[in-house]
Every structure is written in structure tokens, then in C-alpha cells.
2 protein chains.
Amino acid sequence: MRLLIVEDNVELSKLVASGLSAAGYESDIVGSTAEAREAVHNVSYAAMILDLGLPDGDGLSVLRELRRQMEPLPVLVLTARGGVQDRVNGLRSGADDYLAKPFAMEELVARLEAILRRPGQLLGRSLHLANLVYDTESRQIFIDDKPRIISSRETSVLEILLRRQGRVVPKKNVEDHIFGLDGEVASNAVEVYVSRLRKQLAEHGAKVVIHTIRGVGYMMAEEK
Amino acid sequence: MRLLIVEDNVELSKLVASGLSAAGYESDIVGSTAEAREAVHNVSYAAMILDLGLPDGDGLSVLRELRRQMEPLPVLVLTARGGVQDRVNGLRSGADDYLAKPFAMEELVARLEAILRRPGQLLGRSLHLANLVYDTESRQIFIDDKPRIISSRETSVLEILLRRQGRVVPKKNVEDHIFGLDGEVASNAVEVYVSRLRKQLAEHGAKVVIHTIRGVGYMMAEEK
DNA sequence: GTCCATCTGTCAGGTTCATGTAAGCCCGAG
DNA sequence: CTCGGGCTTACATGAACCTGACAGATGGAC
């Protein structure tokens with residue numbers, strides 16, 4: 001399995017490469033956004049490890065470009081900046097995970113393998129669809145890179161539909177996901193949440209649709 | 001996907017049916033070997049769950065008869081008798097698996113799905129034809145890898161035609177597959193479904209055709 | 001504490017849509 | 001050409017679904 005390391009600090013990049021090699025991964029190293037763009041277009045990598053502070057620009061621009069092209073390549077962002085704002089920026093731009101320097105090699109490998117192993121988007125920290133990004137940890141929603149607030153219940157519905165995007169999610173599953181085992185609902189609560197979610201997504205200009213499959217459930221997909 | 005439950009204990013059979021329903025399978029229930037024979041001959045089931053202690057004879061006789069006719073229907077034997085000898089008898093008679101009462105519903109579903117998924121059987125998890133993919137578990141249709149929604153009845157027709165792609169499926173079989181034992185149709189319902197299915201497949205750009213064989217039934221094949 | 005805003009679950013009325021039936025046309029076989 | 005099966009469209013029906021409204025719950029500001 002081949003990885004792309006985008007990092008301008010030569011010592012660090014070699015260290016990472018050798019650590020990954022020990023874990024059984026081959027890797028290519030580039031040191032600028034320009035080289036990164038080229039490499040990604042020419043080679044099919046299993047994942048990218050991306051540093052943000054690069055000599056010729058911000059690594060996030062590479063990431064955003066990838067996502068705009070609907071490229072699902074898993075990306076692990078790696079940077080010295082560890083503040084909350086940077087973390088949010090990374091995820092908002094479409095990163096799958098985020099690691100602040102200094103870090104332990106084991107953690108890098110563990111997180112990398114987590115994003116490689118995840119089936120579809122079932123386990124990812126961050127979920128994407130069209131211009132919609134959802135951070136599963138902070139439960140934050142971004143549309144066109146702008147944070148949007150929607151209420152808790154609707155967020156839960158969004159999450160489960162997003163995790164199974166392009167697949168039908170039975171209404172019962174949605175209900176279970178929201179209420180867990182204990183709470184029972186004696187009404188059409190799920191329908192109401194879906195209705196409210198649709199409305200809010202539309203208001204915020206999200207380019208996604210929630211299809212209704214009568215007698216079964218719902219399916220979220222990209223618009224058109 | 002439709003299953004046949006052969007079980008004379010009404011409570012148990014209902015329990016099993018509801019458990020299977022939760023797992024996404026429809027089922028018909030019969031309570032004797034005579035009814036079982038009739039049902040199997042009239043309807044095309046995905047699998048049979050067979051109890052051995054029946055009021056009018058041994059369930060194994062039904063199974064042996066099926067196998068003598070080279071009928072590949074997957075059979076899961078379910079019985080109070082849990083001894084090794086019984087297990088051997090069941091398997092020797094052509095059962096695909098064996099489950100002793102009392103059992104956990106999860107185990108029944110797991111074993112059932114194991115035999116349904118088994119290669120070489122009529123049934124796999126997903127069926128392909130040209131640019132059309134059908135997932136038998138979620139009953140989802142993909143054309144050119146994009147999920148497509150068509151309604152329940154049309155999906156059932158598609159499923160049986162796909163399972164026997166390249167072969168003629170008698171109209172009566174299609175009808176049985178959709179309605180099972182109980183429902184009787186007093187019209188040209190099947191023709192209507194086929195018509196609707198053709199239309200929708202065309203709209204979605206599926207490269208498949210449904211040929212009509214006059215006086216017999218239908219056959220699905222790749223376009224051109 | 002009070003006030004206000006928002007969130008939540010329920011309900012009811014209206015709407016949409018899958019479904020089965022029927023009717024008329026089409027078309028292939030003979 | 002005739003006959004009969006097949007195709008397609010139209011339509012009625014009821015179930016499934018949508019959505020606006022409402023009232024209680026919650027929680028933050030003061």
C-alpha cells in the first residue's frame with residue numbers, strides 16, 4: 001500500500017517514512033503543494049499525510065481542491081498548529097483526521113490505519129457529501145466551509161444518513177439511532193425530523209437530497 | 001426475499017416469522033408436510049426453514065423428495081431433537097444447515113444468511129447484469145454505480161428476472177414470487193409491473209432488456 | 001426568581017404515491 | 001385478416017408521508 005507524505009521538513013518526512021515502512025507501508029515524499037498536486041494526479045495513493053505549513057502555500061488548499069473534485073482519498077492532516085481553530089479548519093476542508101505535532105509514531109500509524117480501514121464512511125471522524133462536511137466528534141456541520149447550526153435531533157438524523165449515504169436507511173434504524181434502546185416514540189417523530197432537516201439543509205444551500213423510499217426509509221445523496 | 005417456514009407450533013412460527021421480518025425477509029407459514037410440498041411447488045422461495053416434527057409426517061421426507069427432484073432450494077432444519085444422530089440424518093437428507101431448539105433468533109438469521117450467501121447456490125448477496133447491480137439484502141438497485149430507487153413491486157420483478165438472467169421465467173413464477181401464497185391477483189398485474197420496470201430501467205439508462213416470450217413469460221438479458 | 005428563545009414530541013389536515021384493476025390499442029402468429 | 005396475448009395508460013383507493021401548529025420542556029440571560 002502506497003502513501004503520499006507532503007512535508008517540507010526533510011528530517012521529519014524521513015522519520016515518518018521510515019516509521020510507516022516499519023508498519024508495512026511504502027511512501028513517496030514531496031515537499032510542496034505543487035508537487036503534491038502533481039503526485040496525486042499521477043499516482044493512485046491509498047492515503048495522504050499532509051503537512052499544513054509548506055513553502056509555496058497552505059496544504060489545506062490542496063485538500064480543498066481534492067474535495068472539490070470529489071476525490072475521496074483519505075487525508076490525515078499533520079501540523080505544528082494545534083489550536084482548536086486549526087483543527088476545525090482541517091476537518092472543515094475535508095480532512096479525515098488530524099494530528100498535532102509533536103506526535104508519537106504509534107499514534108500516527110493507528111490513526112492512519114483507522115481511516116484506511118473504515119468501510120465507506122462508517123467510522124470516519126469526518127463525513128463528506130457534496131458541499132456538506134460533518135465532524136462526528138464535535139457534531140458540527142459545515143456547508144461550503146461555513147459552520148451551520150442545526151439542532152441536536154436533526155443532527156443525529158443527518159449523521160446516520162450521511163454515514164450510509166447512497167444507501168437506504170430503514171426508518172426503524174433512524175429511530176433507534178436517535179432514541180437508543182430505552183426511549184420509545186409514539187408518533188411520527190422521525191418524519192418530523194427529516195422534514196425539519198430537509199428544510200434547514202435547503203435554507204443553507206446544501207447540495208444534498210434526502211430521498212424517501214416509501215414503506216422502507218430514507219436515503220441521502222448528492223443533489224442531481 | 002421470500003422464505004417458507006414449515007412449523008406446526010403456531011406461536012413459534014409467528015415468532016420466527018417476525019424475527020425474519022425484522023431481518024428483512026418476508027415469509028409464508030405452513031404447518032404440515034402436505035402444505036409444504038404444495039407451497040414449494042407453487043412458489044419460488046429463497047429458502048425453507050423446516051421443522052421435523054410435523055402432525056402428518058416427518059419433515060425430512062419433504063426434504064428428501066426435494067433433493068430427489070434436484071431442487072437446490074436451501075433448507076435450514078429446525079427441530080427439538082438435538083442429538084448427533086438427528087443432525088447427521090438431517091444433513092444426509094440434504095439439509096444445508098441444522099439448528100436445535102431452543103435457539104437464539106440471531107443465530108437462526110446468521111445461519112440462514114450463511115446458506116443464502118453460499119456460492120454455488122442460486123442466491124448470492126449481489127447480482128450483476130451489464131451496468132446493473134442489485135443487492136439482495138437491502139433490495140437496492142445500482143445503475144452505473146449510482147443508487148436508483150424503484151418501488152417495491154418492480155424491485156421484486158427485477159429480482160427474480162435477474163436471478164434467472166438469460167433464462168425464461170414463467171409469468172406464473174413471477175406472480176408467485178411477488179404475492180406468495182396468500183395474495184391472489186385478478187388482473188394483469190405482472191404485465192403492468194414489467195411495463196413499469198422497463199420504463200424505469202430505460203429512464204435510468206440500464207443496459208438490459210426484458211424479452212417477452214409469448215404464452216410463457218419473460219427473460220432478462222444484456223442489451224445488444 | 002422571571003423572561004425569552006429554542007428545542008421536542010405530538011397531532012391533524014392535506015398531499016403524494018404505490019398499487020391493483022380495467023380498458024383500449026398494439027402486434028405477432030397463423 | 002383475425003385472434004388472442006401483451007402493452008400501456010388511466011384511474012380509484014388507501015396507506016404512507018409531509019408539514020404547520022401547538023404545548024410542554026429546557027436552558028440561558030438577567
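Proteins come first, then strands; the chains are lettered A, B, ... in the order of their sequence lines, and each starts at number 1.
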When rounded to whole Å, the CZ to C1' distance for the pair Arg198(A) and dT16(C) reads 12 Å

Whether Asp176(B) and Lys172(B) form a salt bridge (side-chain N of Lys/Arg under 4.0 Å from carboxylate O of Asp/Glu) is what I want to check. yes

May I have the distance from Ile213(B) (atom CD1) to dG4(D) (atom C1'), rounded to whole angstrom? 18 Å

Within the 3.5 Å criterion, strictly below it, is a donor on Ser32(B) or Arg37(B) matched to an acceptor on the partner's side chain? no

Given atom NE2 of His211(A) and atom P of dC18(D), what is their separation to the nearest angstrom? 13 Å

How long is the line joining CD1 of Ile149(B) and P of dT16(C), in whole Å? 18 Å

Say whether, by atom type as modelled, one donor and one acceptor occur between the side chain of Asp51(A) and the main chain of Gly59(A) under 3.5 angstrom. no

Whole-Å distance separating the CD atom of Glu154(A) from the P atom of dC18(D): 14 Å

For atom CG of Leu197(A) and atom C1' of dC17(D), their distance in whole Å: 16 Å

Answer yes or no: does a side-chain N or O of Thr212(A) lie under 4.0 Å from OP1 or OP2 of dC18(D)? yes

Minimum heavy-atom separation for Leu112(A) and Ala47(A), please, with both atom names. CD1-CB, 4.1 Å

Provide a list of protein-nucleic acid N or O atom pairs under 3.5 angstrom, restricted to nucleotides 9-12 of chain D.
none

Using OP1 and OP2 only, check whether a side-chain N or O of Ser151(B) sits under 4.0 Å from dA18(C). no

Protein proximity profile, nucleotides 25-30 of chain C - base contact B, sugar-phosphate-only contact S, no contact -, cut-off 4.0 Å on heavy atoms: --B---

Between dC7(D) and Tyr218(B), is there an OP1 or OP2 to side-chain N/O distance shorter than 4.0 Å? yes

How many whole angstroms separate atom CD1 of Ile210(A) from atom C1' of dC18(D)? 13 Å

Rounded to whole angstrom units, what separation is found between the CZ atom of Arg153(A) and the C1' atom of dA25(D)? 12 Å

Looking only at side-chain N and O atoms, does Ser156(B) offer a donor or acceptor that is under 3.5 Å from a partner on Arg139(B)? yes

Tell me the closest heavy-atom pair linking Met105(B) and Leu20(B), and the distance in Å. CE-N, 3.7 Å

Taking Glu159(A) for its side chain and Glu154(A) for its backbone only, find out whether a donor-acceptor pair lies under 3.5 Å. no

For the residue pair Ser152(B) and Arg214(A), confirm or rule out a side-chain donor-acceptor distance under 3.5 Å. no

Beyond-backbone contact of Val157(A) with Ile178(A), side-chain heavy atoms, under 4.5 angstrom: yes

Is any side-chain nitrogen or oxygen of Lys171(B) closer than 4.0 Å to OP1 or OP2 of dG6(D)? yes

